[in-house]
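Chain letters run A, B, ... following the sequence lines, proteins first, then strands; residues in each count from 1.
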There are 2 protein chains.
Amino acid sequence: MKKEPQNISLDTLFELSEFFKFFGDTTRIRVIHLLLSGEMSVSAIAEKLNLEQSVVSHQLRILRTANLVKPTRDGRKIYYALDDEHIGEIFNTGLAHILHKKKG
Amino acid sequence: MKKEPQNISLDTLFELSEFFKFFGDTTRIRVIHLLLSGEMSVSAIAEKLNLEQSVVSHQLRILRTANLVKPTRDGRKIYYALDDEHIGEIFNTGLAHILHKKKG
DNA sequence: TAAATACATGAACAACAATTCATATATACA
DNA sequence: TGTATATATGAATTGTTGTTCATGTATTTA
C-alpha cells in the first residue's frame, strides 16, 4: 500500500506544522468553534467562553496575525470572523476523527 | 452567513486541540509526511530526515501513544506505519490551505 | 554467551507559549 | 472635554514541550 511520495519542501512542511499549531490550543480552538457560527465581538467571545478579555485578545491577535480571523470595527466593539473558508473544513475533518475514535 | 451552532462539548474541543497538537511540530509532521508513502523503520526515518535516532524515537512514542502510528517488529528493526486513514486526509487538507495561500 | 545492532527511555536543560496583571489606546456619549 | 466602555498590549510568571545525552532493553549472530 505504498503511495508515490509527494515532493514537499522542508519549508512547506514547517509552515504546515506552524499552521496546525493554531488549532492545537484549547482556547483558540474554542474561539474558532464559536466563530464557525458567525462573527462575534471580543467581549461576547470572552463571556461565552468564560474567559478573561485579555486572554481572548491575546489569542485573537495570534489568529489575526496568521490571517485566520479578521476584525471589523463597529463603534467601540470589534467583531471577529473567520477569514478563510478552509478553517471550517480543517476543524470538521479533525472533529470527524475525534468522534470516530470515540465510537470505538 | 450564520450557520447553526454545532453543540460540541468542552471535552471534545479539548481533545480536538490535543489532536491537532500532534501535527503542530515540525519533526512530527515530517515523520507523518514520510509515513504517508508507506511504513519505515526508525533508523530509516532518522536517516531520511537527518535526525538523531533518539529524537525520532521520542516523537514516535508520542505518535504511538496517540494511536497515530503503529509499530511492527521485524527482527531488530521496528517498522512504523500510519494507523489511521484520517491522518492523510487532515495532512492534505492543511497542505491545500498552505499551498493555496502561497499562490496569493 | 558475548558483542553488535536497533530501538526506547529517563533526566536535565533550553526554548517556547499561555495566562495574569497592569496599563494603554480608541471610541462614544454626557 | 471628561468619563465610561471596548479592546489591545507589554512584562512577568508559569507551565509545557522538544532536544540532548547517557543508558537500558531486545534481538541477532559470531
Considering only [options], which nucleotide approaches the side chain of [X] most closely?
{"X": "B/Arg64", "options": "D/dT20, D/dG18, C/dA8", "result": "C/dA8"}
{"X": "A/Ile62", "options": "D/dT7, C/dA18, C/dT9", "result": "C/dA18"}
{"X": "A/Arg76", "options": "C/dT19, D/dA8, D/dT5", "result": "D/dT5"}
{"X": "A/Gln59", "options": "C/dA11, D/dA8, C/dT19", "result": "C/dT19"}
{"X": "A/Val42", "options": "C/dT20, D/dT20, D/dT7", "result": "D/dT7"}
{"X": "A/Ser57", "options": "D/dA8, C/dC21, C/dC7", "result": "D/dA8"}

Atom of A/Ile32, atom of A/Phe22 and distance for their closest heavy-atom approach: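 Minimum heavy-atom contact is CD1-O, 4.5 Å.
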
For A/Ala96 and B/His86, which heavy atoms make the closest approach, and how far apart are they?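 Residues A/Ala96 and B/His86, closest heavy atoms: O-CE1, 4.3 Å.
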
Is the distance from OP1 or OP2 of [N] to the nearest side-chain N or O of [X] less than 4.0 Å?
{"X": "A/Thr27", "N": "C/dT19", "result": "yes"}
{"X": "A/Arg61", "N": "D/dT7", "result": "no"}
{"X": "B/Lys21", "N": "D/dT17", "result": "yes"}

Could you check how far [atom1] of [X] sits from [atom2] of [N], rounded to whole Å?
{"X": "A/Gln53", "N": "D/dA4", "atom1": "CD", "atom2": "P", "result": "18 Å"}
{"X": "B/Leu51", "N": "C/dC7", "atom1": "CG", "atom2": "P", "result": "14 Å"}
{"X": "A/Asp74", "N": "C/dA26", "atom1": "CG", "atom2": "C1'", "result": "14 Å"}
{"X": "A/Arg73", "N": "D/dA6", "atom1": "CZ", "atom2": "P", "result": "12 Å"}
{"X": "A/Leu49", "N": "C/dT19", "atom1": "CG", "atom2": "P", "result": "11 Å"}
{"X": "B/Leu63", "N": "C/dA8", "atom1": "CG", "atom2": "P", "result": "12 Å"}
{"X": "B/Phe14", "N": "C/dA18", "atom1": "CZ", "atom2": "P", "result": "13 Å"}
{"X": "A/Asp25", "N": "C/dA18", "atom1": "CG", "atom2": "C1'", "result": "7 Å"}

Atom OG1 in A/Thr93, atom CZ in B/Phe19: separation rounded to 0.5 Å?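 Output value for this atom pair is 9.5 Å.
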
Are the ring of A/His58 and the base ring of C/dT19 both nearer than 5.5 Å at their centres and tilted by less than 30°?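 One would not call A/His58 stacked on the C/dT19 base.
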
Against A/Leu99, only a single residue in B/Thr12, B/Leu16, B/Ile8 fulfils side chain to side chain contact (heavy atoms under 4.5 Å, CB included); can you say which?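 It is B/Thr12, the one option of B/Thr12, B/Leu16, B/Ile8 that forms the side chain to side chain contact (heavy atoms under 4.5 Å, CB included) with A/Leu99.
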
With heavy atoms under 4.0 Å as the rule, sort [X] into base, sugar-phosphate or nothing.
{"X": "A/Ser43", "answer": "sugar-phosphate"}
{"X": "A/Ser54", "answer": "base"}
{"X": "B/Tyr80", "answer": "sugar-phosphate"}

Can you tell me if NZ on B/Lys21 sees more than 12 non-hydrogen neighbours from other groups inside 6.0 Å?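 Yes, the 6.0 Å shell around NZ holds more than 12 heavy atoms from other groups.
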
Should B/Glu47 and B/Ser43 be marked as a side-chain hydrogen bond (donor to acceptor under 3.5 Å, both in side chains) after you check the CA-CA gap, both sets of side-chain angles, and the distance that decides it? CA-CA 6 Å; B/Glu47 188 180 5; B/Ser43 50; over 6 Å; no

